Asker: 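Got a structure for you, written out below as structure tokens; questions coming shortly.
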Amino acid sequence: MTDETSGSTVPRRQLGRLLTELREEAGVSLDAVAEALDCSRQKVWRIEKGLVPVRVVDARAMCERYAVSEEMRAIVVGLAKETRAQGWWHSYGDVVPSWFSLYVGLESSASMLRQYDSELIPGLLQTREYASELFRRKNPHLSTEEREKLVAVRLQRQRVLVRRLPSAPVLTVVLSEAVLRRTIPDRAAMADQLRHLRDVSALPNVSLRVLPLAAGPPLASETGTFVLLDFPQAPGRASTEPTTVYVENLTGALYLDKPTEVAAYEHVWRDLETLTPDEAESGRMIESIIEEHHD
């Protein structure tokens, strides 16, 4: 397993930003840090970008070079230790692509998730049967064992919604009405999926709203499916993980966290909220579709 896919993602990114800040405050160049660590300039760059776990010995050497306080040194070393912690998803090996492994790490650390989907039930809200059908359609050559591993990862991710420590994130989902009407071949399983949506939306930290087709095309028609992830306040001086936009495609994903990028998607999200009925009305829409098509 490569450095990029091992260790905990959020502490890596937090530590990278903190070390960049400390280096710039100290007026030290990347080349000078590389010399102090007896490594390449590229390695220092990768540490600052949060791409790799950080050895405690390197963290201490950087603190020494930047002449930081003992209090700050403790924060840096603590974060360095966290960067080497393995997430639960690593036990599934190569079945989780490296680009998605990064997302699972962010998802498990988020305090709030806002997701829009125009095509499919989101992974956090899928039943076993619905997920299995999607993986079968996506790659019919997978063995039953491989497909079951993928389904297991998806179901394991869903535990984040009911965990106690740390507190479960707030999940707000907007689904196009088309998602609810696009059935899988097993219509009984689709009915179970819709009932599952109804049941999960009753959780205190989950909000589900349905965008009616009659509402017309939202601004999200140009963005497609996306997730906005917000994160809790980081300890000490370590900067909080910035709001990140996750946009997935067939072969990879984009992680956008520049203020202008986030602002653009926040604007799209506000448009969705304007066009979408409240949770109660959305619940009635789901019940109506269950009765109309699946009973």
Side-chain angles (χ1 to χ4, degrees), residues 107 112-140 147-148 150-162 168-228 246-250 265 268-295:
E107 180 183 75
M112 182 166 68
L113 302 157
R114 290 170 286 170
Q115 179 163 359
Y116 168 69
D117 208 309
S118 61
E119 301 297 330
L120 300 170
I121 306 292
L124 287 178
L125 303 179
Q126 291 175 9
T127 61
R128 173 181 292 277
E129 293 76 15
Y130 186 93
S132 183
E133 173 61 20
L134 294 185
F135 287 126
R136 187 191 67 79
R137 291 285 301 277
K138 184 175 181 180
N139 192 341
R147 187 164 63 249
E148 279 304 305
L150 288 167
V151 172
V153 171
R154 186 149 294 182
L155 297 180
Q156 176 78 7
R157 281 175 53 209
Q158 296 175 5
R159 296 185 184 181
V160 73
L161 297 178
V162 293
V170 172
L171 173 66
T172 304
V173 176
V174 173
L175 294 181
S176 167
E177 181 184 345
V179 172
L180 308 182
R181 297 189 178 279
R182 184 175 292 113
T183 184
I184 57 176
D186 187 338
R187 296 179 68 84
M190 186 65 194
D192 288 340
Q193 172 65 80
L194 294 176
R195 294 187 187 99
H196 180 67
L197 285 180
R198 176 193 62 195
D199 296 343
V200 175
S201 64
L203 291 172
N205 57 315
V206 177
S207 169
L208 174 62
R209 297 166 65 184
V210 180
L211 176 65
L213 294 173
L219 294 180
S221 298
E222 298 183 14
T223 66
T225 295
F226 66 91
V227 185
L228 279 159
Y246 174 75
V247 184
E248 186 177 319
N249 56 48
L250 191 61
Y265 279 85
V268 171
W269 183 260
R270 288 192 295 272
D271 178 66
L272 286 170
E273 290 186 318
T274 300
L275 295 174
T276 306
D278 63 20
E279 295 171 53
E281 178 61 27
S282 296
R284 287 190 286 271
M285 288 179 64
I286 294 173
E287 291 289 353
S288 175
I289 294 173
I290 292 174
E291 294 172 4
E292 181 182 346
H293 296 284
H294 302 290
D295 276 353

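For clarity, every value in this text was computed on a predicted model and none was experimentally measured.
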Asker: Going by salt bridge (Lys or Arg N to Asp or Glu O under 4.0 Å), name the residues that satisfy it together with Arg284, two or more places apart in sequence or in a different chain.
Answerer: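 So Arg284 forms a salt bridge (Lys or Arg N to Asp or Glu O under 4.0 Å) with Glu281.
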
Asker: With sequence neighbours left out, write down each residue that passes side chain to side chain donor-acceptor pair (under 3.5 Å) with Ser207, or none if nothing qualifies.
Answerer: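 Per chain and number, Ser207 pairs via side chain to side chain donor-acceptor pair (under 3.5 Å) with Glu279.
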
Asker: With sequence neighbours left out, write down each residue that passes side-chain contact (heavy atoms from CB on, under 4.5 Å) with Asp186, or none if nothing qualifies.
Answerer: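 Per chain and number, Asp186 pairs via side-chain contact (heavy atoms from CB on, under 4.5 Å) with Ala188, Ala189.
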
Asker: Which residues satisfy the side chain to side chain donor-acceptor pair (under 3.5 Å) test with Thr225, sequence neighbours excluded?
Answerer: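 By the side chain to side chain donor-acceptor pair (under 3.5 Å) rule, Thr225 matches Asp117.
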
Asker: Which pairs with one or both residues in residues 193-226 pass ring pair (Phe, Tyr, Trp, His ring centres under 6.0 Å), sequence neighbours excluded?
Answerer: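 For residues 193-226: Phe226-Tyr265.
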
Asker: With sequence neighbours left out, write down each residue that passes side chain to side chain donor-acceptor pair (under 3.5 Å) with Arg136, or none if nothing qualifies.
Answerer: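 For Arg136, the residues satisfying side chain to side chain donor-acceptor pair (under 3.5 Å) (neighbours in sequence not counted) are Glu133.
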
Asker: Can you name the ring-ring contact (aromatic ring centres under 6.0 Å, His included) partners of Phe135, sequence neighbours left out?
Answerer: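 Partners of Phe135 by the ring-ring contact (aromatic ring centres under 6.0 Å, His included) criterion come out as none, since no residue qualifies.
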
Asker: Taking only residues at least two apart or on different chains, which pairs with a member in residues 269-289 satisfy ring pair (Phe, Tyr, Trp, His ring centres under 6.0 Å)?
Answerer: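 Not a single pair qualifies under ring pair (Phe, Tyr, Trp, His ring centres under 6.0 Å).
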
Asker: Can you pull out every salt bridge (charged side-chain N to carboxylate O under 4.0 Å, His left out) where at least one residue sits in residues 170-180? Sequence neighbours excluded, please.
Answerer: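 Sorted result for residues 170-180: Glu177-Arg181.
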
Asker: Taking distance alone, no hydrogens or angles, what donor-acceptor pairs closer than 3.5 Å link side-chain atoms of residues 168-175 to residues at least two apart or in another chain?
Answerer:
none

Asker: Going by side chain to side chain donor-acceptor pair (under 3.5 Å), name the residues that satisfy it together with Gln115, two or more places apart in sequence or in a different chain.
Answerer: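 None.
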
Asker: Show me the pairs that pass salt bridge (charged side-chain N to carboxylate O under 4.0 Å, His left out) and involve residues 119-129, at least two apart or across chains.
Answerer: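 Listed by first then second residue: Glu119-Arg182, Arg128-Glu148.
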
